[in-house]
Each structure stands twice: as structure tokens, then as C-alpha cells.
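Working notes, structure below.
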2 protein chains.
Amino acid sequence: MENDFLYEMEYPGLTGRLKRLSDLFIYQTKQFYRDHDLDIEPNWHPIFELLKKHERLTITEIATYLHFTHPAIVKLIDKMKAHGYIKSIRDKTDKRKFQLELSEKARSKMPLLETYWAAGNLALEQMLEFDDSLLQQMKVLESNMSSREFNRRMEDNLKN
Amino acid sequence: MENDFLYEMEYPGLTGRLKRLSDLFIYQTKQFYRDHDLDIEPNWHPIFELLKKHERLTITEIATYLHFTHPAIVKLIDKMKAHGYIKSIRDKTDKRKFQLELSEKARSKMPLLETYWAAGNLALEQMLEFDDSLLQQMKVLESNMSSREFNRRMEDNLKN
DNA sequence: TTAATTTATGTAACCAGTTACGTAATTTGT
DNA sequence: ACAAATTACGTAACTGGTTACATAAATTAA
């Protein structure tokens, strides 16, 4: 973190730092999985959780829950299928849809995977010193950003 | 922000949220530039600032300052050159290097660009309510993450 | 009932970054 | 002085997401 020019900058620095932080989490989580010979990837985790909770979902439903575009989910699910974690059943009443659910392999592996995910959750809480104010502040920022408040404010500020 | 599954998840949710927040900043900044017919991109901003401060730098120096890989900087600089913002002079004493500096066009446009960047900086400060505790907490998280503390803690937690 | 619209999925091309690799120029060690 | 190692840059192929477009199925409206 020494000699890091992004600290010297303000909002464009923050943008880069957010992405970098996200990348660091992904990178170290990947490493963690690799070290323990788990054939899963960090971005599959939300899908596991979603299908655990909802039993069966379509591509579009998953995309909506996770706020990704549907082509992104198509690719993810293809990969999870290739590893045998997803069972996909063509919908009887609407033949455009595929109902996706966790495979037997996925369900039997879940208890093991959950111990790793729990270790990750705890690690994060420890690093944040069990203080959720960062998450709270991010929430404020996120809801401002998602309503294009940032853009509006930039325009306003420019006029002065 | 309603119906957002990433809120229901803990650390893997945070990872996704960080990236999403970063993307929102980039997206709205791009829009802002487009609305004002500025032919620049958000990720050029740090390079402008860097070359303003340091006058002339090489590809590798820029990559080091910004913590990007050098191929990323090659591509960025190529694009900025194509738009006439960068002048590149082969180093006399070390012919592998190119000394990069802001072009005349860049220098004459800087005062204008800075008004837009200032509007952005202020917008961020407003959204954070002039409270830098988010940035402080990110700093803590970043320095923990960059020393692979997260990975170490996950391993420790797993053993219990 | 068919024509028009909408929805669900798939696919191709792109984007901004990465890793891996190649090559030319420089520096180091003997 | 020259062989070996290192450095600076370039390029290709990959990654994980996007937008734009195509197509098949379902729904709505005349």
C-alpha cells in the first residue's frame, strides 16, 4: 500500500480502489479453494446459496436476483453444469425455460463447502473488527449511486 | 436496491457489491463525459494526474504507480495517443524506454477537464456527507487484504 | 385464429483487465 | 569483453463481465 497513487486521488481513486479490493477478495478466495482442492469458483457461491434457498430457478430469475445480465448467468451455469453441480430440466408448461437446481453431487458437497464459506465470513468479520459500519456506509453510497444521484450531483456542481 | 440477494450474503456478497459500486461510478462518469462532449475516459484520469505531477514517465513507471500490469498501461496509452493526448519520446540513453508526457492539446484542455473532475470530487464528498470514515475503513481493509491477511485468517478459522 | 408483441434463452462481438511469452536493450559477473 | 541475467516493452490468448442481435415460445389483441 506504499507509493500508491490512487490514495492521492479522490473520487477516481476510490473507483479504482473499490475494484482492486474486490479483485483481492476474489483472488484470495480462489487461492483458498485451490489450496483445499475444491473445484468451485468464488462467483458460484451466490448461485449455490440462491438455489439452496429457492430450490429451482430459471436463468432469468437468477440474473434478476443477482443483478447480472442473463448472458453472464448462462456462462456461469454452463460452467457449473460442466462440473456436475447443476441439473437442468426443461419446463413442462413453458418450453423456453429450463428449471435449474442443485445436482445430487452439489447437495452432498454442500455441508463441506459451507465450512469453507463460514471460515470466509468469519475472516471478513474479524478484519472489520465485527463493526458493520463499513457495510452500512456502502449501503448509503450504493443506493445513492443506483438512483443516478452521483450523476445528478456532478451536473449540479458543474453549474456553480 | 430492493430484492438484492447480495445483501443477504455476507463476505461473497461484499465482493460483488464492491465491484458493482466501482462499475456504477465508472458508468455514470462515462455518461457525464459523454453528456458534455469530452473525448476522455474515466480510467485516463489517473494518468492525466500522474503526468501533470511528474512531467514525464515511462510505461513501467505508470504501471507501478497505479498498480496495474504494464500491458494494461500500453493499451491505455495507445488509446490516449490516438486521441492526441500523449507525446512519446524515445529515451536517448536507454532505447527500450519511451518517455511519455502530456501533449500540447492535453495541457491546454487540462483547466477545462479539471472543472469536471472537481465537480465529481465534490459529488462524492457530498454523498459521503463529508465524512471520510468509509475511506479510512477501506484503508484498513486494503492493507489487510494486500498482505494476504484474509487468506491467513480463513485458514486459521477453518482449523477450528 | 392469426398477427403483433413480449419473454426466455442463446450467441457473437466487444471491453478492460489479466497471465504468459517473446525480443531487444541494458547491466552484471567473470 | 563477452556470456548470463535482468529490464522494458510489445503481443497473443484468456477471463468475466457487457451490449446487441437472433430465435423460439408464449401471450395479447384484433
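Numbers restart at 1 for each chain; the letters A, B, ... are given by sequence-line order, proteins then strands.
- Taking the six-membered ring for Trp and thresholds of 30 and 60 degrees, A/Trp117 and A/His45 have nearly parallel ring planes, at less than 30 degrees apart.
- Side-chain contact check for A/Arg17 versus A/Arg20: some heavy-atom pair is nearer than 4.5 Å.
- Atom NE2 of B/His67 is separated from atom P of C/dT18 by 12 Å (rounded to the nearest Å).
- A donor N or O paired with an acceptor N or O is found under 3.5 Å between the base of C/dT7 and the side-chain atoms of A/Arg96.
- Two residues, B/Lys30 and B/Lys95, neighbour DNA chain C, and the one matched to the more 5' nucleotide by heavy-atom proximity is B/Lys30.
- Taking atom CG of residue A/Leu57 and atom C1' of nucleotide C/dT9, one finds them 16 Å apart after rounding to whole Å.
- With rounding to whole Å, A/Asp94 atom CG is found 12 Å from C/dT7 atom P.
- A nucleotide of DNA chain D counts as in contact with chain A when one of its atoms lies under 4.0 Å from a heavy atom; the first and last such, 5' to 3', are D/dG16 to D/dA26.
- OP1 or OP2 of C/dC15 has not a single side-chain nitrogen or oxygen of B/Asn43 nearer than 4.0 Å.
- Between the CG atom of B/Asp23 and the P atom of C/dG17 there is a distance of 11 Å, rounded to whole Å.
- Taking a cutoff of 4.0 Å between a charged side-chain nitrogen and a carboxylate oxygen, A/Glu149 and A/Arg152 qualify as a salt bridge.
- Look at B/Asp39 and B/Lys109 and you find a salt bridge, because one of the NZ, NE, NH1 or NH2 atoms lies within 4.0 Å of a carboxylate O, short of that distance.
- Under the ring-ring contact (aromatic ring centres under 6.0 Å, His included) criterion, the residue pairs touching residues 141-160 of chain B are A/Phe25-B/Phe150, B/Tyr11-B/Phe150, with sequence neighbours excluded.
- In this structure, A/Thr58 does not reach the C/dA8 phosphate: none of its side-chain N or O atoms is under 4.0 Å from OP1 or OP2.
- Regarding A/Ile62, its CD1 atom lies at a distance of 19 Å from the P atom of C/dT7, rounded to whole Å.
- Scanning both residues, A/Thr15 and B/Ser22, for their nearest heavy atoms gives O-OG, 3.2 Å.
- With the nearest nucleotide of DNA chain D identified for both A/Arg90 and B/Pro71, B/Pro71 has the one nearer the 5' end.
- Note: CD (A/Glu41) to C1' (C/dT18) measures 15 Å, nearest angstrom.
- Contact annotation for B/Ser22: no contact, since no heavy-atom pair falls under 4.0 Å across all strands.
- Going from atom NZ of B/Lys75 over to atom P of C/dC15 covers 11 Å, rounded to whole Å.
- Between the side chains of A/Asn121 and A/Glu125, no donor-acceptor pair of N or O atoms lies under 3.5 Å.
- When the P atom of C/dT18 is taken as reference, atom OH of A/Tyr27 falls 12 Å away, rounded to whole Å.
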